[in-house]
Amino acid sequence: MIQIDVDMTEGSEFGRELLSQYTSFRLTTDLSVLSENECRMLPHLFAAADEMESIFWKQAYGDRDELLESIDDPALREYAKINYGPWDRIGGNAPFIDGIPDKPAGANLYPRDMSRDEFEAAAAQNPSLADLYTMVVRDADESLEAIPYHEVFAEEMQRASEELLAAAEFADEPGLRNYLTLRAQALVTGDYFESDMAWMDMKDNRIEMVVGPIETYEDALFGYKAAAEAFVLIKDMSWSERLSRYAQLLPMLQEGLPVPQEYKQETPGTDSDLNAYDAIYHAGDTNAGSKTIAINLPNDEQVQLAKGTRRLQLKNSMQAKFDKILVPISEVLIAEDQREHVTFDAFFGNTMFHEVAHGLGIKNTLDGSTTVRGALKEHASALEEGKADILGLYMVSALMDAGELDGDIRDNMVTFLAGIFRSVRFGASSAHGRANMIRFNYFLEMGAFSRDAETGMYSADYDKMIEAMNALTEKILRFQGDGDYEGVAAFVADYARVPQQLQADLDRLAEEGIPVDIVFEQGLAAVGR
Ligand code: ZN
């Protein structure tokens, strides 16, 4: 795997400034919960993950070694490793190496000179061009050709497959053994269905492995192509139990939503499979740029219809963001007398309930004509993320009122406020960034928090926060239920922006050197093996 030094003192000032947006965090966990056989699996799982590194570089950019060798500035070279290419993932994908053109929307997954029209005409004749698991290239006569990943990346897939089989030998838990075996086959055949089904059937395994071509964000042209990644995870049994209990309470919480009955007529599922993990290895897509703290898979709709999805929350990745980013932010922007309410438990709780809250509300418009997603198009994601954030807080407060959850709601509220400043920094190109801008402006307007002009720090007003929470909940659920595309577009245009004062405050965070995201120190040494 690639080691990254973010504390580099050599290199250009420009390069060091870019690097300083990241800070490093060691990925570790308590391995004493694992059996000896489980520990023996780890080196094989890490080795399989490393093959996804190599594939992802080719999908995102092309020739890694050639690029890295061509960069003289050591700081920029480190930055290219973080970004898996010469484009700044947390800086709107701007090229940071001289002479590099803008990032193609389809990354390296399609020929760079291909137009949308050319692709669409060709894909009408040859559907495999739009397949999740193929790269599109030009063949000898310049026409578009789809080559399956297991052929383009045959060597990497073969080695990863062998490592998974080697790990499966030590898997005592039958579900995990079955999944690893089927996944090993999938990597070399390109047929992932059975292994996705097997992944959904795993319930009792403490070690978790996600590996292969998975998410489609790297394909910003069409969203068709899956990018290679891997996670190795260790399940947190006690949190996982608590979460399954809260999922049971979703119907009651749906009932209590502060909206008219017709906007909460759907019944949320209670069989949601949500668990907490410590991540001990990230490779490829998931390790590029900003790091995820949650996974929701599989993406195959056939598997989703048959088995649903599983949601995995990464507790130590959240701890990293809390310690390294949220606490420093609150030292600059949260009023001193409220700062004690910024706690990891509240941050973890808010994030977990965000995930559960995706299950609340409605998926189809009230007139039954379409899904909410279909009606709201490009605004659907930002609104859905905003919904989950606000309903996550609603759930915490409702569960505390019902005596189902311990804690101090003030912790959740102040931590929620600090979290807005963290996420607004993701920028307008991210659905989460836009959702947080909307919330900032809406809450400010409703007086849910205020800014002291003298200190430049923010304080939550607990009562008004509840009012703002209920009002924004109603607004979002109405937009969704009405499928009101025009209304949402106007709302997003009004609210999804960074006002001058907020920008000045965000600039203070940058001046203080508060990182935007993290890079992981990971591998056998990091977990102490
Ligand atoms: Zn979400």
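Counting convention: from 1, in listed order, for ligands and their atoms alike.
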Next on the checklist: Distances under 2.8 Å only: what protein N/O/S atoms are near the Zn ion (ligand 1), ordered by chain and residue?
Outcome noted: His354 NE2, His358 NE2, Glu385 OE1
Checklist entry - Is a side-chain donor-acceptor pair under 3.5 Å present for His282 with Glu229? => result no
Checklist entry - Would Asp131 and Lys225 pass as an ion pair if we require N to O under 4.0 Å? => result no
Item to check | Any side-chain donor near an acceptor of the partner, Asp201 and Tyr179, under 3.5 Å | outcome: no
Checklist entry - Out of Thr415, Ile293, Leu314, which one pairs with Thr351 under the side chain to side chain contact (heavy atoms under 4.5 Å, CB included) rule? => result Ile293
Item to check | Near-ring test Phe449/Phe440, centroid separation under 6.0 angstrom | outcome: yes
Checklist entry - Using the ring of each side chain (for Trp, its six-membered ring), is Tyr495 parallel, tilted or perpendicular to Phe491, with breaks at 30° and 60°? => result tilted
